[in-house]
Engineer: 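Once you've had a glance at the structure underneath, I'll fire off some questions.
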Number of protein chains: 2
Amino acid sequence: MATKARRTDALSREVIVEAATQILDTDGEDALTLRALTVRLNTGYGALYHHVENKSDLLAAAAEDVIARAVAGAATDSEPRELLRTVALSLFDAITAHPWAGAQLAREPWRSALLDIYESIGAHLEALGVPEPALFDSAGALVNYILGVAGQNAATARAGAHRTASLAAVAAQWERLDPARYPRLHKAAAQLPEHDDREQFLAGVDLFLAGVEAVHRRGASDRSS
Amino acid sequence: MATKARRTDALSREVIVEAATQILDTDGEDALTLRALTVRLNTGYGALYHHVENKSDLLAAAAEDVIARAVAGAATDSEPRELLRTVALSLFDAITAHPWAGAQLAREPWRSALLDIYESIGAHLEALGVPEPALFDSAGALVNYILGVAGQNAATARAGAHRTASLAAVAAQWERLDPARYPRLHKAAAQLPEHDDREQFLAGVDLFLAGVEAVHRRGASDRSS
DNA sequence: ACTATGTTGGATTGACGCTCCAAAGCTAGC
DNA sequence: GCTAGCTTTGGAGCGTCAATCCAACATAGT
């Protein structure tokens, strides 16, 4: 009777992904190791690898889960511009809540629910009046902006335990910069602590939308240059 | 005489960073291991760690090197809008040539030459007429867009050996998508193989600049909302 | 010559992803 | 109710990695 008791409840891909998500959310990206998973689930490597291809697959599945939920949850009906802002914001919120998902999104964009993001944004841009040939560029630009913020968020989350602490550290770093070489950053350090990530993100989205509307006034005069 | 010959030439941080850059450029991001570095430089771990903090530090230094050169190289005098496009493009080109630098930029944005990027973009935006309070948001938006594209580029470079091959793979994947659920992506698959990353990037930058100019027409009427 | 300081090479450690296999459950056929 | 074949499980072990540690070596100062 030296053998450990075998599990009676079902072990499935969903259970594993859920456990992984919990580890990622509570202890951070680096804490997700297969060893940690075996401990949490009271199982071994073989059982895990029976349900999951490898660690990348697991991470992608967890991120897909989170992102798809965010995109789907933002589907309401109103004017297209407001819809775009809603989709972007719900993505931002999801990534803020699960920074590891943002990192995964930036690391392996072709997997995960990036397709849903593209499709959703493309649809709303089309409704906004963006003509077909420019749709590709516009949607790509907006998605890339979101991905950039996602990566940035993941990075700051990885850096410090609390957002405010690391923000203060960055502000202090900017403060120490040579005012001759970095005049603008040196000055911006003052207003950095009191800034709101979410608002700044939304400001960027609005800048984008303003650009889209400016370029495609009505008749979409020209596209070149 | 069983001991290996000790090196006579100088081993310095610069030499190590340069060797690391070569490995990264020729064999990719995963090929950079400290073991590979010891082999290439005919040395041991101790010597490396004497000049370099750790692997992250080394990667950051290499990326800093590449990025700083790109930002500095794009400094010519013309109208601010053209300057912004030039800076963005030279960054894009640098990241295309060194995808690992793009990944590093997205992974640890507070290090590397991100400061120079911010400062440069901030200066040109200011010259463009963007008022102080909005400068922060505008520069951040543009930088985040660039970072997003950087990460995307690094990801596609990591995926396949050749850009065209992986691009075709993505196109095939989009082609296979359910036209009911992803109508726009399904249709966009056709124009994907013939698209130019660089042009699309520039289109995104222009969209941004159009937004900036639209929002800050002349008197900068309002900033809220 | 001798010491102090700086530099080098490599053995070693601990953690990780992953492979592999034996044992245990489960299901169908008789 | 027994057995054969398939699925699922647990864990030992392998190869690789970043990083530490220490003894050996070099050079400069006195």
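Protein chains get the first letters and strands the later ones, always in sequence-line order, with residue 1 at the start of each.
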Engineer: With sequence neighbours left out, write down each residue that passes side-chain hydrogen bond (donor to acceptor under 3.5 Å, both in side chains) with B:D25, or none if nothing qualifies.
Structural biologist: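 For B:D25 the side-chain hydrogen bond (donor to acceptor under 3.5 Å, both in side chains) partners, ignoring immediate neighbours, are B:H98, B:W100.
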
Engineer: Show me, pair by pair, the donor-acceptor contacts under 3.5 angstrom made by side chains of residues 114-123 of chain B, not counting sequence neighbours?
Structural biologist:
residue, atom, partner, partner atom, Å
B:D116, OD1, A:R181, NH2, 3.0
B:D116, OD1, A:Y182, OH, 3.1
B:D116, OD2, A:Y182, OH, 3.4
B:E119, OE1, A:R184, N, 3.4
B:E119, OE1, A:L185, N, 3.1
B:E119, OE2, A:R184, N, 3.1
B:E119, OE2, A:R184, NE, 3.1

Engineer: By side-chain hydrogen bond (donor to acceptor under 3.5 Å, both in side chains), which residues pair with B:R111, not counting sequence neighbours?
Structural biologist: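 With sequence neighbours excluded, B:R111 shows a side-chain hydrogen bond (donor to acceptor under 3.5 Å, both in side chains) to B:E108, given in chain and number order.
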
Engineer: Taking ring pair (Phe, Tyr, Trp, His ring centres under 6.0 Å) as the test, write out the residues that go with B:H51, two or more places apart.
Structural biologist: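 With sequence neighbours excluded, B:H51 shows a ring pair (Phe, Tyr, Trp, His ring centres under 6.0 Å) to no residue whatsoever.
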
Engineer: Just how far, in rounded Å, is P of D:dG10 from CG of A:L37?
Structural biologist: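 Interatomic distance, CG of A:L37 to P of D:dG10: 13 Å.
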
Engineer: Would you please name every residue forming a side-chain hydrogen bond (donor to acceptor under 3.5 Å, both in side chains) with A:Q22, sequence neighbours left out?
Structural biologist: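 Expected list: A:R40.
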
Engineer: Taking only residues two or more places apart in sequence, or in another chain, which ones meet A:N54 in a side-chain hydrogen bond (donor to acceptor under 3.5 Å, both in side chains)?
Structural biologist: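 With sequence neighbours excluded, A:N54 shows a side-chain hydrogen bond (donor to acceptor under 3.5 Å, both in side chains) to no residue whatsoever.
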
Engineer: Of all residues at least two apart in sequence or in a different chain, which pass the ring pair (Phe, Tyr, Trp, His ring centres under 6.0 Å) check with A:H195?
Structural biologist: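 Partners of A:H195 under the ring pair (Phe, Tyr, Trp, His ring centres under 6.0 Å) test: B:F136.
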
Engineer: Near DNA chain C, under 4.0 Å by heavy atom, which residues of residues 45-61 of chain A?
Structural biologist: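 Of all residues in residues 45-61 of chain A, the ones placing a heavy atom under 4.0 Å from DNA chain C are A:Y45, A:G46, A:Y49, A:N54, A:K55.
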
Engineer: D:dT8 C1' sits how many Å from A:R13 CZ, rounded?
Structural biologist: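 Nearest whole value for this atom pair: 17 Å.
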
Engineer: Take the C1' atoms of the five end pairs on each side of the helix from C:dA1-D:dT30 to C:dC30-D:dG1, derive the two axes, and give their angle rounded to 10 degrees.
Structural biologist: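 The end-segment axes of the helix from C:dA1-D:dT30 to C:dC30-D:dG1 are tilted 10° relative to each other.
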
Engineer: Show the atom names and distances, to 0.1 Å, of all donor-acceptor pairs under 3.5 Å that link a side chain in residues 138-148 of chain A to residues at least two apart or in another chain.
Structural biologist:
residue, atom, partner, partner atom, Å
A:S138, OG, A:A134, O, 2.9
A:N144, ND2, A:G140, O, 3.1
A:Y145, OH, A:F201, O, 3.0

Engineer: Atom CG of B:L41 and atom P of C:dG9: how far apart are they, to the nearest Å?
Structural biologist: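 Atom CG in B:L41 sits about 9 Å away from atom P in C:dG9.
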
Engineer: Strictly below 4.0 Å, heavy-atom distances to any atom of DNA chain D: list the hits from residues 27-35 of chain B, or just say none.
Structural biologist: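 B:L32, B:T33, B:L34 - these, ordered by number, are the residues of the stretch whose heavy atoms sit under 4.0 Å from the strand.
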
Engineer: By the salt bridge (charged side-chain N to carboxylate O under 4.0 Å, His left out) test, which pairs, at least two apart or in different chains, include something from residues 45-57 of chain A?
Structural biologist: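 Those involving residues 45-57 of chain A are A:R13-A:D57.
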
Engineer: Going by heavy atoms in the side chains, are B:I67 and B:Q104 under 4.5 Å from each other?
Structural biologist: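 Counting from C-beta outward, B:I67 and B:Q104 never come under 4.5 Å.
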
